[in-house]
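Working notes, beginning with the structure itself.
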There are 2 protein chains.
Amino acid sequence: MGDRKAKDDLFDALASVAKVLGSGRRAEIVDVLAQGERPVDEIAQEIGQSIANTSQHLQLLLRSGLVHSRRDGTRIYYRLSGPGVAQLWAAVRLVASDHLANLSDLAAAYLGDRSALSTLTRTELKDRMDGGDVIVLDVRPEPEFRSGHISGAVSIPVKELAERLQDLPEGVTVAAYCRGPYCVFADEAVRTMHRHGIPAVRLEDGYPEWEAAGLPVETGNGRGSPQNSTEKTSNV
Amino acid sequence: MGDRKAKDDLFDALASVAKVLGSGRRAEIVDVLAQGERPVDEIAQEIGQSIANTSQHLQLLLRSGLVHSRRDGTRIYYRLSGPGVAQLWAAVRLVASDHLANLSDLAAAYLGDRSALSTLTRTELKDRMDGGDVIVLDVRPEPEFRSGHISGAVSIPVKELAERLQDLPEGVTVAAYCRGPYCVFADEAVRTMHRHGIPAVRLEDGYPEWEAAGLPVETGNGRGSPQNSTEKTSNV
DNA sequence: TATGTTGTCAAGTACTTACTTGAATAAACC
DNA sequence: GGTTTATTCAAGTAAGTACTTGACAACATA
């Protein structure tokens, strides 16, 4: 008890959790899985890597306990193994934004200039939803919407938004949201709507943060096909 | 905006924060620095590594922004760069304890069998302190006590405890605490006191968690030399 | 039973990491 | 001004990591 070797082994094990998150590609995977479970080929597509390489990253995450998997026919779906994993990823992002010298440059290079886009916090959005003067728009890919979204939100993936603007009611502000603070989808959506004269704002963070805050969420197809919509008790 | 290369660079940067925590030795360093600032040679001693190697780990932590340093004469003191870093380390430990299969074995190998030792949560300890029927004992090395401890705690480093048991008042339970849930000092102290018939319990976690919870802390020498004791507004 | 789809495994390569050793600084002490 | 103390730096080595390619396994469908 209390000897060097045992302490090193223990701390190596504790650190192994940080280690698996310490690769940009695996961080992207966790960022995607925080939206809900996904099969390997879709994850590979999302992170821009080969299926073989993605599979190996997923095996690593699996062995370290950060994700679980289930088989459904020929597909294997991966998901985060608990809410703590999404919290850990949020803690990493927080420290990065507080202490990483060049982060804002890198964020600007990926996200573009956000200064012209106004944002709402979670509580501001909740208040305006309760007031009824806003429509909430989920611009993530559809599978992510189906596995969980803000209650009452409408799904139009950002790629389809330009052709589906007529689906949006007129005369009401649109509040778009996506995966989180480092996701471009909502930014792009707000820019597109502004170009067409639609008043639009962006939710400051994304769906995982909304869910983690205990705010109302639902699964299935939501308004579009209410028969599939179900109140959700917990995700992740 | 929104292209692959920029996204990879951004997520590599975010993940770099996790990466520096992803080494057992650097995790031990963060665990020590969560107690307060320390010079290089003491940190090297704590983690059982050469000074050169420890210095290189510290340079890495420094470049990644997780720690800051200051020079005082010939010594260079390192400290965590903000409270978010200790929170991140806590999040890592939480995920590890929830999802790492062999963690309890490794913890048992280092900490020994804890089942015979009773523990108090932070709030339980606070209540008993307010009731006055407990004395709080800080068993960490003295420099850590000096840079911040639970208000009213007495310092007897675990190495000196056996010879200084007479410094403890009789007829009152001793609540020992140390660095955190994976620290052996308080366990050892409680065992020592039990062997001498002193009623003793262990605080469930450690000083950083107490401080992070906003509970009362102070710096300096505390009761021992009240002239040096000062109410503390913030640490880390 | 054959065929296609989805994912994993094994082997190889270029690159990175953790440590060691010994030399180089930087401030303090005499 | 030379010596001591505390730390960093540079170079070297062994081991580990991230990706690629091609073969293999598991299930579904015809």
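Chain A is the first sequence line, chain B the second, and so forth, proteins listed ahead of strands; every chain is numbered from 1.
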Exercise. How many Å lie between CD1 on A:Ile51 and C1' on D:dT21, as a whole number?
Worked result: 14 Å
For this session: Taking only the side-chain heavy atoms of B:Arg71 (C-beta and beyond), determine which of C:dA26, D:dG22, C:dG7 contains the nearest atom.
Result: C:dA26
Problem set entry | Closest to side chain of B:Arg26, choosing from C:dC19, C:dA18, D:dT7 | C:dA18
For this session: Select one nucleotide: of D:dT5, C:dT20, D:dT20, the one nearest the side-chain heavy atoms of B:Thr74.
Result: D:dT5
For this session: Indicate whether OP1 or OP2 belonging to C:dC19 is found under 4.0 Å from a side-chain N or O atom of B:His57.
Result: yes
Exercise. Of the nucleotides D:dT20, D:dA18, C:dT20, which one has an atom closest to the side chain of B:Asn53?
Worked result: C:dT20
For this session: Drop me the distance from A:Asp31's CG to A:Leu21's CG, to the nearest 0.5 angstrom.
Result: 10.5 Å
Seminar exercise, completed: To the nearest angstrom, the CD1-C1' distance between B:Ile29 and D:dT7 comes to 14 Å
For this session: Using whole Å, report how far CD of B:Glu42 lies from P of D:dA6.
Result: 10 Å
For this session: Give B:Asp41 one of three labels, base, sugar-phosphate or nothing, depending on what nucleic acid heavy atoms sit under 4.0 Å from its own.
Result: sugar-phosphate
Problem set entry | Whole-Å gap separating P (D:dT7) and CD (B:Gln59) | 11 Å
Exercise. Can you name the closest pair of heavy atoms from A:Val17 and B:Leu100 and give their distance?
Worked result: CG2-CD1, 4.1 Å
Problem set entry | Passing option when B:Val20 is tested against B:Leu60, B:Val30, B:Leu62 for side-chain contact (heavy atoms from CB on, under 4.5 Å) | B:Leu60
For this session: Send over the distance from A:Gln45 CD to C:dG7 C1', rounded to a whole Å.
Result: 16 Å
Seminar exercise, completed: Heavy-atom nearest nucleotide on DNA chain D taken for A:Asp72 and for A:Gln49; more 5' hit belongs to A:Gln49
For this session: Enter the distance from A:Leu33:CG to A:Ser147:OG here, rounded to the nearest 0.5 Å.
Result: 10.0 Å
Problem set entry | Interatomic distance, B:Arg25 CZ vs C:dT20 P [rounded to whole Å] | 11 Å
Seminar exercise, completed: B:Tyr77 OH to D:dT8 P, in whole Å, measures 13 Å
Exercise. B:Tyr78 near the nucleic acid: base, sugar-phosphate alone, or nothing, with a heavy-atom cut-off under 4.0 Å?
Worked result: sugar-phosphate
Problem set entry | Value in whole Å for how far the C1' atom of D:dC9 lies from CZ of B:Arg63 | 11 Å
For this session: Answer yes or no: does atom CD of A:Gln45 have more than 12 heavy-atom neighbours from other residues, nucleotides or ligands under 6.0 Å?
Result: no
For this session: May I ask you to evaluate whether A:Lys19 reaches the phosphate of D:dG16, defined as a side-chain N or O under 4.0 Å from OP1 or OP2?
Result: no
For this session: Apply side-chain hydrogen bond (donor to acceptor under 3.5 Å, both in side chains) to B:Asp138 and B:Tyr177, showing your working.
Result: CA-CA 5 Å; B:Asp138 188 316; B:Tyr177 74 91; 2.5 Å; yes
For this session: For A:Gln56, answer base if it contacts any base atom (sugar-phosphate contacts may also be present), sugar-phosphate if it contacts only those atoms, and nothing otherwise; contact means non-hydrogen atoms under 4.0 Å.
Result: base
For this session: Just compare D:dA18, D:dT5, D:dT8 and give me whichever is closest to any side-chain atom of B:Ile76.
Result: D:dT8
For this session: Please determine, for the side chain of B:Ser55, which listed nucleotide (C:dT6, D:dA6, D:dT8) has the closest atom?
Result: D:dT8
For this session: Answer with base, sugar-phosphate or nothing: what part of the nucleic acid does A:Thr54 contact at a heavy-atom distance below 4.0 Å?
Result: nothing
